[in-house]
Every structure is written in structure tokens, then in C-alpha cells.
Amino acid sequence: MPTRPARRTAPRHSPPPQTLGPTVPTRTHYAPVGPARQRAARRRRPRPAVPGCLVWTVLASLPAVIFLAIYLFFPGRTNVLLLGIDYAEPGSTTSRSDTLMLATVIPSRPYVGLLSIPRDLWVVIPGIGQNRINTAHFYAESQQPGSGPDLALQTVRLNFGVDVIYYARVRFEGFREVVNALGGVDIELSEPTAGYPAGRHHLTGNKALAFVRNRAGTDDFFRMEQGQFMLKAVFKQLLRPGSWLRWPAVTRAALASIDTNLPAWMWPRLGFALLRVGPSQIDNHIITRQMTTPFFTDAGANVLDPNWELINPLVKSIFGP
């Protein structure tokens with residue numbers, strides 16, 4: 001009996017059906033898109049979402065930013081009496097305040113004013129009577145150590161009418177150590193001053209102190225100008241990039257030599273205002289020779305009688321009414 005041929009079956013893995021070619025886009029793909037459709041597409045485009053953590057970070061830091069702004073720019077005035085006391089025995093502050101500068105700071109403007117007071121100015125000292133203004137510190141310290149700055153503040157308030165409750169007292173040798181920690185100070189003289197010819201000079205701590213105290217061939221009015229000049233020169237030196245690495249040493253020297261009742265929380269505020277003003281914009285003045293009349297006391301002391309009609313307008317322009 002003949003055998004039936006085997007039935008042919010399709011292969012188990014048949015090839016994929018062939019297509020007729022790439023799909024031809026419909027006409028709508030090539031339709032021009034007008035401006036209105038483009039704007040609509042942009043409006044429908046999803047915007048990137050702002051991370052929630054960033055929002056909370058901004059909201060959480062907002063009170064701190066507001067507090068910092070109020071702290072740094074609050075429109076208040078701070079007056080400080082700067083006292084440079086003469087040499088005294090180690091551990092003692094019984095000495096005259098041979099440098100007196102009355103400073104005022106308004107952080108919101110910003111404004112820094114400075115007025116130097118002659119040490120021989122003849123004024124009324126509370127509890128003492130009439131005497132040189134630089135003796136107020138000495139009399140109080142000799143009676144009760146630590147009370148010198150307070151009597152100096154009372155004397156300034158009584159005679160100048162300035163509401164000042166803060167002081168900063170520095171020994172002359174402390175100023176020398178601050179300049180040494182700074183690596184010296186560079187000064188530029190436009191004319192011969194304190195024994196130095198005109199030009200640029202680099203002064204060490206000892207030379208800077210001698211420059212401030214020099215009165216050879218001059219008087220106390222020139223000495224006050226030299227003190228303000230040196231103070232601004234030290235400020236300029238601090239701001240130079242080459243001196244930034246010396247700031248920790250300068251800070252240690254300053255803290256070791258400066259005695260003050262200015263609260264620590266106020267230091268950054270006043271320092272920031274001083275940086276904003278800069279050394280060249282400090283409004284510095286002195287009580288000039290024309291504002292005083294020299295005379296001899298009954299004891300033969302050569303002192304300066306203040307002319308308050310000329311002094312008071314200057315004080316008012318710096319420290320307000």
C-alpha cells in the first residue's frame with residue numbers, strides 16, 4: 001500500500017511580516033504652527049517644580065535675615081569716649097588721660113564722627129572743681145581704682161552736653177603692641193611731621209607711639225592731628241590684604257591692652273559700620289587753637305580756656321542736638 005507523503009507545516013519561527021515601508025506622516029504633521037498655537041504650547045509646557053526643601057530653607061532663614069538687617073542697620077547713635085592713658089606702674093591705671101577723643105557711630109547712614117579734645121582744656125570736673133580735663137581720670141583712679149573712666153565720662157557729659165556712656169581705654173604701651181602685631185604701619189606724609197620728612201615711611205610700634213606723642217617744635221593741637229592721622233593709618237593698614245593674616249594677632253594684642261564697657265554684642269555692629277565708612281570718610285575734627293584762649297592759673301599752670309560759643313556748634317554738627 002503506497003505511503004502518503006508527509007504533510008508540510010510552516011516553520012516554527014516564521015519571519016515577521018514585511019511592512020510596506022516607513023509610515024508616511026499625515027498632513028497635520030506638516031501644518032504650519034502660528035504664533036497663537038506657539039503661545040498656547042508654551043502655556044501648556046510644565047514648569048520645573050521648586051524643591052520643597054529650598055522653600056522651607058528660605059522661609060526658615062527669613063527671620064534671621066530680618067534680625068541681622070535690623071541689628072546692622074538700626075538707625076541709632078552710639079557715642080564712645082576714647083582714652084589714651086599715660087604710662088603707669090604695672091597693674092595700675094593711676095595716670096592722666098593724655099589723649100581724649102569723642103567718637104560717634106550711626107550704622108544706618110553710615111557715619112563715623114571723631115572729635116579730639118585738648119588735654120589742657122580748663123573745665124569743671126564733678127566733685128573736683130575746675131582743672132585740666134585730663135586730670136579727671138587721674139583723680140578718680142587715685143581715690144578708687146577703676147573709677148577713672150566713669151569720672152572722665154561725667155566730665156565730658158557735663159561740659160560738652162554729649163550723651164556718652166561708653167568708653168574705651170588703652171595704655172600707650174598697648175598701642176605699641178597693636179602696631180607691632182600688625183607688622184608696623186605705613187604712613188604717607190605730605191609735609192615734614194614729627195621729625196620725619198615728607199614721603200612714605202614704615203613705622204614700628206615704638207616709632208608709631210613716638211610719632212603720636214611728639215610735640216617737638218609744635219603744641220598739643222598738632223599732637224591731636226597726629227593722633228587722628230595715625231589712627232586712620234592703622235585702620236588703612238588693617239584693611240590691606242597683606243595684613244589679613246595678622247588680624248588674629250592684632251585682636252589678641254588689642255584685647256590685652258584695651259579696657260572698655262562697650263558690650264561685646266555691639267562690637268560687630270560698630271565694626272561693620274566702620275568698614276562701610278572706610279578710613280578716608282571718617283568725619284574727624286579737633287578743638288582748634290582759635291576755639292580756646294591760653295592763660296596761666298594762680299598756680300602757674302598753662303591751660304586753655306574753652307570758647308563754648310565756637311565749640312558748641314562743632315559739637316552739635318558731629319553729635320547732634
Side-chain angles (χ1 to χ4, degrees), residues 78 80-93 95-103 105 112 114-117 119 134 137 148-149 152 166-189 193-196 200-215 223-264 266-282 284:
T78 302
V80 183
L81 179 62
L82 307 178
L83 300 169
I85 63 172
D86 206 346
Y87 293 107
E89 295 294 329
S92 173
T93 53
S95 180
R96 296 171 298 179
S97 53
D98 276 0
T99 296
L100 295 99
M101 295 184 186
L102 193 55
V105 182
V112 176
L114 192 65
L115 177 66
S116 288
I117 303 172
R119 64 178 186 172
N134 69 335
H137 182 274
Y166 300 116
Y167 72 87
R169 179 175 61 178
V170 58
R171 294 172 175 267
F172 283 148
E173 59 267 28
F175 172 77
R176 178 185 59 203
E177 297 306 319
V178 169
V179 175
N180 283 334
L182 190 56
V185 59
D186 295 323
I187 61 174
E188 185 76 31
L189 300 177
T193 306
Y196 290 93
R200 188 178 179 85
H201 305 277
H202 181 78
L203 306 184
T204 61
N206 286 330
K207 292 181 178 180
L209 180 57
F211 181 93
V212 171
R213 307 196 67 199
N214 181 274
R215 289 197 301 170
R223 184 171 178 264
M224 289 190 294
E225 292 180 348
Q226 291 166 191
Q228 291 187 352
F229 175 82
M230 180 58 66
L231 197 63
K232 295 171 75 172
V234 171
F235 186 17
K236 290 179 182 178
Q237 192 79 19
L238 277 169
L239 297 182
R240 291 173 181 167
S243 301
W244 293 351
L245 294 178
R246 296 181 176 272
W247 282 16
V250 173
T251 301
R252 288 192 297 269
L255 291 177
S257 59
I258 295 178
D259 172 31
T260 181
N261 67 341
L262 195 66
M266 295 184 66
W267 297 358
R269 182 171 183 263
L270 301 183
F272 182 69
L274 194 59
L275 288 175
R276 291 175 63 205
V277 171
S280 61
Q281 298 299 318
I282 295 176
N284 58 294

_Test log, rule side chain to side chain contact (heavy atoms under 4.5 Å, CB included), inputs Asn206 and Arg176_ = CA-CA 6 Å; Asn206 286 330; Arg176 178 185 59 203; 2.6 Å; yes
I need the minimum non-hydrogen distance between [X] and [Y], along with the two atoms involved.
{"X": "Pro279", "Y": "Lys232", "value": "O-CE, 2.9 Å"}
{"X": "Leu182", "Y": "Ser243", "value": "CD1-CB, 4.0 Å"}
{"X": "Ala181", "Y": "Ala253", "value": "CB-CB, 4.1 Å"}
{"X": "Ile258", "Y": "Ala168", "value": "CG2-CB, 4.4 Å"}
{"X": "Asp186", "Y": "His202", "value": "OD1-ND1, 2.7 Å"}
{"X": "Ser97", "Y": "Leu100", "value": "O-CD1, 3.0 Å"}

Distance check, rounded to the nearest 0.5 Å: [X] atom [atom1] versus [Y] atom [atom2]?
{"X": "Arg269", "Y": "Leu274", "atom1": "CZ", "atom2": "CG", "value": "13.5 Å"}
{"X": "Ser95", "Y": "His137", "atom1": "OG", "atom2": "NE2", "value": "7.5 Å"}
{"X": "Thr99", "Y": "Ile117", "atom1": "OG1", "atom2": "CD1", "value": "11.0 Å"}
{"X": "Met101", "Y": "Leu231", "atom1": "CE", "atom2": "CG", "value": "5.5 Å"}
{"X": "Tyr166", "Y": "Thr260", "atom1": "OH", "atom2": "OG1", "value": "9.5 Å"}
{"X": "Asn134", "Y": "Leu83", "atom1": "CG", "atom2": "CG", "value": "10.5 Å"}

Is there a side-chain contact between [X] and [Y] (heavy atoms, below 4.5 Å)?
{"X": "Arg213", "Y": "Phe175", "result": "no"}
{"X": "Trp244", "Y": "Trp247", "result": "yes"}
{"X": "Ile187", "Y": "Leu203", "result": "yes"}
{"X": "Phe211", "Y": "Leu189", "result": "yes"}
{"X": "Asn284", "Y": "Phe229", "result": "no"}
{"X": "Val178", "Y": "Ser257", "result": "yes"}
{"X": "Leu114", "Y": "Leu82", "result": "yes"}
{"X": "Leu275", "Y": "Phe235", "result": "yes"}

*Counting N and O atoms only, with roles assigned by atom type, does the side chain of Asn180 sit under 3.5 Å from a partner on the main chain of Gly205, one being a donor and the other an acceptor?*
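Here the side-chain-to-backbone pair exists.
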*Test Arg223 against Asp98 for side chain to side chain contact (heavy atoms under 4.5 Å, CB included), laying out the working first.*
CA-CA 10 Å; Arg223 184 171 178 264; Asp98 276 0; 3.9 Å; yes
_How about CZ on Arg169, more than 12 heavy atoms from neighbouring residues, nucleotides or ligands closer than 6.0 Å, or not?_
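Above 12, so yes.
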*asked:* Please evaluate residues Arg171 and Ile85 with respect to the criterion side chain to side chain contact (heavy atoms under 4.5 Å, CB included), reporting the C-alpha separation (whole Å), side-chain torsions for both, the decisive distance (0.1 Å), and the verdict.
replied: CA-CA 5 Å; Arg171 294 172 175 267; Ile85 63 172; 4.0 Å; yes
*Apply side-chain hydrogen bond (donor to acceptor under 3.5 Å, both in side chains) to the pair Gln237 and Arg240, showing each step before the final yes or no.*
CA-CA 5 Å; Gln237 192 79 19; Arg240 291 173 181 167; 2.7 Å; yes
_Let's go through Leu270 and Leu262 carefully: what are the C-alpha distance in whole Å and the side-chain angles of both, what is the deciding distance for side chain to side chain contact (heavy atoms under 4.5 Å, CB included) to 0.1 Å, and is it a yes or a no?_
CA-CA 10 Å; Leu270 301 183; Leu262 195 66; 3.6 Å; yes
